[in-house]
There are 2 protein chains.
Amino acid sequence: MGASKINIHTKNHNKIAKIAKVFAHPARVAILYYISKKESCICNDIVDEIGLSQATISQHLQVIKNAGLLKGQFKGKRLCYCIDIKKLNEFQDVMNRYFIKTQVNSC
Amino acid sequence: MGASKINIHTKNHNKIAKIAKVFAHPARVAILYYISKKESCICNDIVDEIGLSQATISQHLQVIKNAGLLKGQFKGKRLCYCIDIKKLNEFQDVMNRYFIKTQVNSC
DNA sequence: ACACATTATCGTAATATTGCAATATTATAT
DNA sequence: ATATAATATTGCAATATTACGATAATGTGT
């Protein structure tokens with residue numbers, strides 16, 4: 001065994017876990033933060049900033065992108081990523097609803 | 001190599017990743033939800049409820065406990081876990097602060 | 001102290017994630 | 001069309017996570 005048994009859990013719980021996974025690595029946390037700080041963002045800049053190889057950064061960007069958190073456009077020669085605020089807010093809502101629900105019967 | 005390079009990131013970003021990791025597995029999401037629903041919680045009940053082995057549930061509980069989210073007491077013969085609301089709220093705040101910060105320059 | 005029930009830990013196997021070098025792809029500008 | 005720069009993908013190695021059976025440890029009640 002060893003693989004996650006995602007099929008035994010509810011849709012909502014799997015969704016929460018999926019969202020949390022995006023933020024479960026400091027590199028991705030840092031990348032998202034960096035993108036949010038720059039008006040137009042370029043991958044090579046991130047490589048310099050974060051201190052991981054271009055390949056690794058690109059991989060992390062894919063994870064973030066697959067979660068639907070990024071919109072990308074080419075601006076001149078370079079790729080400009082920006083954070084999809086709608087998706088980010090949705091993520092925040094999902095997490096907060098879970099946090100609030102989980103507060104019942106706490107101590 | 002393959003191991004996470006946590007040393008190259010900021011303290012705050014590592015903290016966020018650590019918190020998110022707790023919720024990054026559906027079993028842990030489900031366990032926390034279950035504990036919050038029951039007034040007094042017993043591990044064996046969780047095993048029946050979630051559908052994973054006792055050893056696996058115990059492992060997940062350790063992860064949640066190590067994050068500081070659980071308080072445990074013995075009630076009669078059985079261990080009663082409850083969610084530490086203070087810690088949970090702290091986690092929620094950390095995540096929300098990050099969400100809010102990350103909304104700058106989004107699109 | 002002893003039996004019983006519950007929870008934790010150990011050992012092991014399978015899968016997933018992380019990271020990088022090398023290579024391929026893509027887009028822009030000339 | 002070609003050269004150039006930026007980004008994505010591939011292949012591989014190392015580490016981490018997930019899961020479970022077996023066993024150990026812990027606490028309760030008699």
Side-chain angles (χ1 to χ4, degrees), chain A residues 1-9 13-14 17-31 34-35 38 40-67 70-82, chain B residues 1-9 13-14 17-31 34-35 38 40-67 70-82:
Chain A
M1 293 58 222
S4 278
K5 288 189 165 180
I6 58 162
N7 48 309
I8 65 172
H9 304 289
H13 288 168
N14 279 324
K18 224 171 165 183
I19 290 172
K21 236 173 209 179
V22 175
F23 306 100
H25 195 288
R28 289 194 287 273
V29 173
I31 288 169
Y34 182 72
I35 294 175
K38 295 217 84 176
S40 70
C41 171
I42 299 99
C43 186
N44 259 15
D45 287 16
I46 305 183
V47 174
D48 295 340
E49 180 75 13
I50 313 263
L52 291 167
S53 76
Q54 185 267 322
T56 304
I57 295 289
S58 187
Q59 243 177 203
H60 280 303
L61 276 169
Q62 285 310 306
V63 175
I64 298 169
K65 223 196 233 170
N66 285 341
L70 287 186
K71 291 183 187 168
Q73 312 165 276
F74 275 93
K75 251 191 188 171
K77 196 177 297 191
R78 298 165 156 206
L79 189 49
C80 166
Y81 282 121
C82 62
Chain B
M1 286 72 226
S4 277
K5 287 190 166 179
I6 59 162
N7 49 309
I8 65 172
H9 305 288
H13 288 168
N14 279 323
K18 223 171 166 184
I19 290 172
K21 237 174 209 182
V22 176
F23 306 101
H25 195 287
R28 290 195 286 273
V29 174
I31 287 169
Y34 182 73
I35 294 175
K38 295 216 88 177
S40 69
C41 171
I42 299 98
C43 186
N44 258 14
D45 287 16
I46 305 182
V47 174
D48 295 340
E49 181 74 12
I50 313 263
L52 292 166
S53 76
Q54 185 268 322
T56 304
I57 295 288
S58 187
Q59 242 178 207
H60 280 304
L61 276 169
Q62 285 312 305
V63 174
I64 298 169
K65 223 195 233 170
N66 285 341
L70 287 186
K71 291 183 187 168
Q73 313 164 275
F74 275 91
K75 251 192 188 170
K77 195 177 297 191
R78 298 165 155 204
L79 189 47
C80 167
Y81 282 121
C82 62

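Chain letters run A, B, ... following the sequence lines, proteins first, then strands; residues in each count from 1.
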In whole angstrom, give the distance that lies between atom CD1 of Ile35(B) and atom P of dT7(C).
-> 11 Å
Any Thr56(B) side-chain nitrogen or oxygen under 4.0 Å from OP1 or OP2 of dC20(D) = yes
OP1 or OP2 of dA8(C) under 4.0 Å from side-chain N/O of Lys65(B) = yes
His60(A) side chain: which of dT18(D), dC20(D), dG19(C) is closest?
-> dG19(C)
Whole-Å distance between dT9(C) C1' and Asn66(B) CG?
-> 13 Å
Just to confirm, is there a sub-4.0 Å distance from OP1 or OP2 of dA8(D) to any side-chain nitrogen or oxygen of Tyr81(A)?
-> yes
Return yes if the base of dA6(D) and the side-chain atoms of Gln54(A) contain a donor-acceptor N/O pair under 3.5 Å, otherwise no.
-> no
Any N/O donor-acceptor pair, Gln59(A) side-chain to dA8(D) base, under 3.5 Å = no
More than 12 foreign heavy atoms under 6.0 Å from CD1 of Ile8(A): is that the case here?
-> yes
Would one find a side-chain N or O of His25(B) under 4.0 angstrom from OP1 or OP2 of dA19(D)?
-> yes
List for me each residue that meets side chain to side chain donor-acceptor pair (under 3.5 Å) alongside His60(B), sequence neighbours excluded, and say none if there are none.
-> Arg28(B)
So, is Ser58(B) close to the dA8(C) phosphate, meaning a side-chain N or O under 4.0 Å from OP1 or OP2?
-> yes
Measure the distance from CD1 on Ile57(A) to P on dT18(C) and round it to the nearest whole Å.
-> 12 Å
Is the closest side-chain heavy-atom distance between Lys65(A) and Gln62(A) below 4.5 Å?
-> yes
Proximity to the side chain of Ala55(A) - top-ranked nucleotide from dA21(C), dT7(C), dC20(D) | dA21(C)
Interatomic distance where NZ belongs to Lys18(B) and C1' belongs to dA16(D) [whole Å] | 15 Å
So how far is it from Ile31(A) CD1 to His25(A) NE2, rounded to the nearest 0.5 Å?
-> 9.0 Å
Report yes if at least one side-chain N or O of Lys5(B) is closer than 4.0 Å to OP1 or OP2 of dT15(D); otherwise report no.
-> no
From CD1 of Ile31(B) across to P of dT7(C) the rounded distance in Å is 13 Å
State, with a plain yes or no, whether a side-chain heavy atom of Ile35(A) is found less than 4.5 Å away from one of Ile46(A).
-> yes
Nearest 0.5 Å, what's the NZ-OG1 distance between Lys5(B) and Thr56(A)?
-> 8.0 Å
Could you give the CG-to-C1' distance, from Leu52(A) to dT18(C), as a whole number of Å?
-> 9 Å
If you round to the nearest 0.5 Å, how far is CD1 of Ile19(B) from CG of Asn14(B)?
-> 11.0 Å
Between CD1 on residue Ile50(B) and CG on residue Asp45(B), distance to nearest 0.5 Å | 11.0 Å
CZ of Phe23(B) versus C1' of dT18(D): gap in Å, rounded?
-> 19 Å
The helix from dA1(C)-dT30(D) to dT30(C)-dA1(D): angle between its terminal axes, five pairs each, to 10°?
-> 30°
Report the distance from atom CD1 of Ile8(A) to atom P of dT18(D), rounded to the nearest whole Å.
-> 13 Å
